[in-house]
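Structure, as structure tokens:
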Amino acid sequence: MKPAILGGAPAFEPPLAFARPTTEDPRRVLTMMEHSLASGMLTNGPLVRHLEERAADHFGARYCVAVASCTLGLTLVIQALDVKGPVALPSFTFSATAHAIRWNGLPPAFADCDPASWTLRPQDVAFGAELIIGVHVSGVPCDVTGLETLAATTGAALIFDAAHGAGSLVDIGEGPVPLGRFGRAEVFSLTPTKVLSGAEGGLVVTDDADLAAQLRIARDYGNPGDYDTRFAGLNARLSEFHAALALASLDHLEARVSHRNRVADHYREVLGDLPGIRFQQVPLGARSSYKDFTILLEGEAFGASRDTVVRALRAEGIDTRPYYSPPVHRQIAYREVATPELPVTDQLAARVISLPMWSHLPLEAVERIGDAMDRIHNHADEVGHTG
């Protein structure tokens, strides 16, 4: 059977969405909102405090500060740490990681990443960094203990962009534990495509009492309550509505991550025998939240280039994303930053395809995606001439 790009029937009609949020029971959310609506306390109210308490308990940390977005959370944490020198971060990440550095007027120092896990390693960090930002790419935990050792040795501050990390686990010698207790702080995202979602918002998780206290002031313009602002903060308050959604989502986090892992395992089953396809590796003893499921396509072995395969999948009704292509150091906003060669990052960015992944994606859809990939591979020569 021919692939759709050569006249065959598409795998999905209507097309299959790349991401689709798993929505909450509206009656439950509205019930939680009743007190907030009646009191008129619509931001930083009791639901926000309840979310902070439950999230801190879930992540195994002393404090959680809810903010309006993960990007704002990162920005305010960097401001609070008051570092002056270079900030090391992987280039293979979403641009928001770098944006938080730039909004603080600091120089980013882009680093390469591990060819297996696609995450930052201690040996990737250039000497002289005053702040290191590890990123749990697609929910795969980076080397948290190795980076903590490096930070302690060099005196650098260490934080984690854990936008994808809710539901991920890492083994630090005591069995799997949730992300959220490493570095000075970890910052999680609550946007619609995340496994833990409040529609929008972010969570800063930390064991540092002083940092948590400063962040609570920073998210309200730097105003501790007397309108005599202590520093230039931001409006980064989280609304009660977003907190209600996040609280409901937290109840289902484990079930959703478990399903995403089943989907990821099934992807490996249906795609694993095709030549030229490699997978992001999850470290031994760890668990990924699988915010995304991304494959690495070696075009010569598969028979068609990454961009050709993306075009053929689109004809099949399968939406994809090239996360992260281009990598941040090659994006227009950061091209002027002096950066050494990052060969692993460039190779990944040229070959990655993120496939559909949701918390309620049917396994049958994965089988149809696998069948479409098989047909594209079997007709790769013809498909390659359709551009």
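No hydrogens, no waters, no symmetry mates; every other heavy atom, side chains included, goes into these values.
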Item to check | Candidate list Ile369, Val270, Leu274, test side chain to side chain contact (heavy atoms under 4.5 Å, CB included), partner Asp374, passing option | outcome: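 Option passing the side chain to side chain contact (heavy atoms under 4.5 Å, CB included) with Asp374: Leu274.
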
So which atom in [X] and which in [Y] form the shortest heavy-atom distance, rounded to 0.1 Å?
X: Val204; Y: Val77; value: CG1-CG2, 3.6 Å
X: Ala218; Y: Leu76; value: CB-CD2, 3.9 Å
X: Met373; Y: Leu297; value: CE-CD1, 4.2 Å
X: Phe18; Y: Thr320; value: CD1-CA, 3.9 Å
X: Gly167; Y: Arg287; value: O-NH2, 2.8 Å
X: Ala212; Y: Thr206; value: CB-CG2, 4.1 Å

Does the pair [X]/[Y] count as a salt bridge with the N-to-O cut at 4.0 Å?
X: Asp251; Y: Arg54; result: yes
X: Glu300; Y: Arg351; result: no
X: Arg181; Y: Glu148; result: no
X: Lys84; Y: Glu130; result: no
X: Asp207; Y: Arg184; result: no
X: Asp143; Y: Arg121; result: no
X: Arg375; Y: Asp371; result: yes
X: Glu24; Y: Arg28; result: no

Item to check | Minimum side-chain heavy-atom gap Met357-Arg260 below 4.5 Å | outcome: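 Of all side-chain heavy-atom pairs linking Arg260 with Met357, at least one is under 4.5 Å.
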
Next on the checklist: When you compare the side chain of Val140 with that of His164, does any pair of heavy atoms fall below 4.5 Å?
Outcome noted: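 Sidechains of Val140 and His164: no contact.
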
Can you tell me if [X] uses its side chain to pair, donor with acceptor, with the backbone of [Y] under 3.5 Å?
X: Asn104; Y: Ala100; value: yes
X: Ser91; Y: Val328; value: yes
X: Trp118; Y: Ser138; value: no
X: Thr339; Y: Phe110; value: no
X: Asp319; Y: Leu16; value: no

Next on the checklist: Using 30° and 60° as the class boundaries, would you call the ring planes of Tyr324 and Phe94 parallel, tilted or perpendicular?
Outcome noted: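 The rings of Tyr324 and Phe94 sit tilted, inter-plane angle from 30° to 60°.
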
Checklist entry - What class does the angle between the rings of Phe293 and Tyr267 fall in, given that below 30° is parallel, 30 to 60° is tilted and above 60° is perpendicular? => result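 Phe293 and Tyr267: parallel rings.
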
Next on the checklist: Tell me if the aromatic rings of His329 and Tyr334 count as close, with their centers under 6.0 Å from one another.
Outcome noted: no

